[in-house]
Number of protein chains: 2
Amino acid sequence: MAKLADIARAAGVSSAVVSRVINEDRTLRVSEATRARVQKAIKDLDYAPNIAAQTLRSSKSGLVAVILHDVTNPVYAEILRGAQASAAQNGKALLVFDSATGAESANRLAAMIGGGALDGLVIQGAGEVSDLVLARAATRKIPTILLQADLDIDACLISLPDEAAADTATRHLLDHGHRRIGCLATVEGMRFTESRLAGYRRALGDAGIDPRDSPVVFSAPEIEAGTEACSRLLGGNPDLTAIVCFNVLSAIGAMKALGDAGRQIPDDVSIVAVHDVPFADVLKAPLTTVAMPLFEMGQKAIQLVSDGVPDTQLLAVDSPPPTLIQRRSVATPNR
Amino acid sequence: MAKLADIARAAGVSSAVVSRVINEDRTLRVSEATRARVQKAIKDLDYAPNIAAQTLRSSKSGLVAVILHDVTNPVYAEILRGAQASAAQNGKALLVFDSATGAESANRLAAMIGGGALDGLVIQGAGEVSDLVLARAATRKIPTILLQADLDIDACLISLPDEAAADTATRHLLDHGHRRIGCLATVEGMRFTESRLAGYRRALGDAGIDPRDSPVVFSAPEIEAGTEACSRLLGGNPDLTAIVCFNVLSAIGAMKALGDAGRQIPDDVSIVAVHDVPFADVLKAPLTTVAMPLFEMGQKAIQLVSDGVPDTQLLAVDSPPPTLIQRRSVATPNR
DNA sequence: TATCGTTGGTAAAGCGATTTACCAACATCG
DNA sequence: CGATGTTGGTAAATCGCTTTACCAACGATA
């Protein structure tokens, strides 16, 4: 394949000039005439700079790794979409890793980080990220962004309007007259879980309900886990008339559990879930959700690694704000 | 960061020896004593080879780009999961591009291909891939695998057991006594659409039904497109008692259309869809599907670019075979 | 006229790993 | 004893691009 030196020869200039033309270094001088000659040579020979050489020289690879808990999960996929969009604009490409894939994958990633192949690292997921990866990222000072995953490392954390979302969801149920509202939360101890819990409790408190009387169970953001957790919730509290789910997937799992228990949605139990999905209105009970700025979170993450991670350790993506999307999983309680 | 020369110095050997130790070149001679010294130095300095330098030298980057039509689509995401698994085992990392993301993204990809940064290219999607990308991949002789996307280029194409899947789906409806079975197909003219159509028609023919009497409409594999196409299908053929959908997402769209038209599933109209999704049984009507080896297709694709693309132009992933998953979207026709 | 700034360009030193060619030292063998 | 391998190791040339340092030519300025 044609290399820079070939272009230089074809255009009758030195390679330095070609480099300047390519990188559009406007501060450095190259006459219009030669610039045109060089550009013609580039076109003629279908030249493209060797990425490895550029990376070696500049220590900028244009690569950002994104670690997702599970690509198949539509909620996370939406984050990825946002990241894609932003990456395209910033001239970056995205390396995608599934944190569930296992050790080989983690080793490969660690090798890339150690080998200076990454301009940044975006981590989403609840914490099953290889220590080697984290350690390497820290020592090599790779700009790292955490998406909700509050790992205990020194990196910038982007959060969603978690409290507001849970508040909105809970308040919606309250407005329909519900008083016995259970909570199907996300993983216990995580920062965003705590925030949502705070929103849930605030809404309850404002309605004059003692949050301590309202049951909470925790669940991984997956369908099966949601089913299991919801059974637990129902088992201990058969008189609930409504459930706030902190994740759509666990809400979907909850729908199964409710079905198995012979409870109708929304007639027997109402449900509101955080995060929207495209197929929400074709579910067994068209699901009322609170949409979150996931796309924007993905965008922001790439933006940050591109522009340089700020000193601020905690950042929030709160636009657009969490918005309630009413479908038909909420009704007035009949008990 | 530590580089190879640093290790060499620390271990008191030349850099060539270090390189041999790292690459475990068993044919070349290095005494156990020095090998140990070198390995200790590597550990002590937390050394990792610079990827860019390796790539520059060897012209092997360990990177494979995967172009998906839309990451958010759970069907494609499943392919990605398979690719991930295989990539991890073959020491490769995956660059993921959304073909819907636009021109900047395509240009970036083209630059990477031209710049020798890719060991392979896997393309899924119906054809909206930049010509520049395709042209570059061809001239640079990048191993390219097509996943159903039958672009008109010289590359290896992997297909699914399309005919069998459509046959299975159709036969299931036939077995329940349906005779007026419409088809909500995928994009017209694509090879895999034709194969599925062949399966659909074969099953019909075997049951003594003239396929020409059975209506077919085409649709992109997306929810909205499915809704629109299904309305068309219904509009022209109000007496249909069942529909075979060539894609779950269009099937979900169809469920909306059916709902809007006041038809109950499965009481008024039965549905079977190709491809399974995790939330199929919590849909308005628990959806009977034919699961396809999508994960395996993703795996195979990476396997092929790793091991070298075979001369064979057409490959099929047919294990596990398409399997019918019965839920409750199919009933005996009542008319 | 001597000096200075500007314009347009060149040569060459890296970036870090791999690999080829080469070389001591030492054992083996006829 | 001289030829012939084998073992364990070194030096240096790449891979292709960027960037620093340097230079010639030319007009402007004092």
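Every chain is numbered from 1, with letters handed out A, B, ... down the list of sequences. All figures in this text were calculated on a predicted structure; none of them were measured in a lab.
- Picking from C:dA12, D:dG16, C:dA17 the nucleotide with the shortest atom distance to the side chain of A:L56 gives D:dG16.
- Rounded to an integer number of Å, the gap from CD1 of A:I7 to P of D:dC17 is 9 Å.
- Applying the 4.0 Å criterion to OP1 and OP2 of C:dG9, one finds that A:S31 has a side-chain N or O inside that range.
- Protein atom CG of B:L4 is 11 Å distant from nucleotide atom P of C:dG16, rounded to whole Å.
- Between A:D6 atom CG and D:dC15 atom C1' there is a gap of 13 Å when expressed in whole angstrom units.
- The stretch residues 44-52 of chain A touches DNA chain D through A:Y47, A:P49, A:N50, each having a heavy atom within less than 4.0 Å of the strand.
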For residues 74-92 of chain A, run the donor-acceptor check on the side chains, cut-off 3.5 Å, and write out each pair with its distance to 0.1 Å, sequence neighbours left out.
| unit_1 | atom_1 | unit_2 | atom_2 | d |
| --- | --- | --- | --- | --- |
| A:Q84 | NE2 | B:V96 | O | 2.9 |
| A:S86 | OG | A:N90 | ND2 | 3.4 |
| A:S86 | OG | A:Q299 | O | 3.2 |
| A:S86 | OG | A:Q303 | OE1 | 3.3 |
| A:N90 | ND2 | A:S86 | O | 2.9 |
| A:K92 | NZ | A:D119 | OD2 | 3.4 |

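- Rounded to whole Å, the distance from CD on B:E32 to C1' on D:dG8 is 12 Å.
- Between B:D6 and B:K3 there is no salt bridge, since no side-chain nitrogen of the basic residue lies less than 4.0 Å from a carboxylate oxygen of the acidic one.
- Between B:K3 and A:S14, the residue whose closest nucleotide on DNA chain C is further toward the 5' end is A:S14.
- Taking CZ of A:R37 as the reference point, atom CD1 of A:I42 lies at 12.5 Å (rounded to 0.5 Å).
- The interatomic distance linking A:M1 (CE) with D:dC17 (P) rounds to 13 Å, in whole Å.
- Side-chain atoms of A:R191 and A:L157, non-hydrogen and from C-beta on, do get closer than 4.5 Å to each other.
- For the pair B:N23 CG and C:dG16 P, the computed distance is 17 Å after rounding to whole Å.
- With values rounded to the nearest 0.5 angstrom, B:D318 atom CG is found 10.5 Å from B:M292 atom CE.
- In terms of heavy-atom proximity, B:P320 sits nearest to B:P293 at O-CG, 3.4 Å.
- Between B:R9 atom CZ and C:dG16 atom C1' there is a gap of 13 Å when expressed in whole angstrom units.
- To the nearest angstrom, P of C:dG8 lies 11 Å from CZ of A:R20.
- Between the CG atom of A:D98 and the CG atom of A:L68 there is a distance of 7.0 Å, given to the nearest 0.5 Å.
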Between the protein and nucleotides 23-27 of chain C, which nitrogen or oxygen pairs are less than 3.5 angstrom apart?
none

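- Dashed line: the shortest gap from a side-chain N or O of A:S19 to OP1 or OP2 of D:dT19 is not under 4.0 Å.
- A:V13 comes within 4.0 angstrom of the backbone, heavy atoms only, and of no base.
- Residue-environment remark: CG (B:D131) stays at or below the threshold of 12 foreign heavy atoms within 6.0 Å.
- Inter-residue side-chain proximity for B:M190 and B:Q148 is flagged as unmet; no heavy-atom pair is nearer than 4.5 Å.
- At the phosphate of D:dG9, OP1 or OP2 sits under 4.0 Å from a side-chain N or O atom of B:T34.
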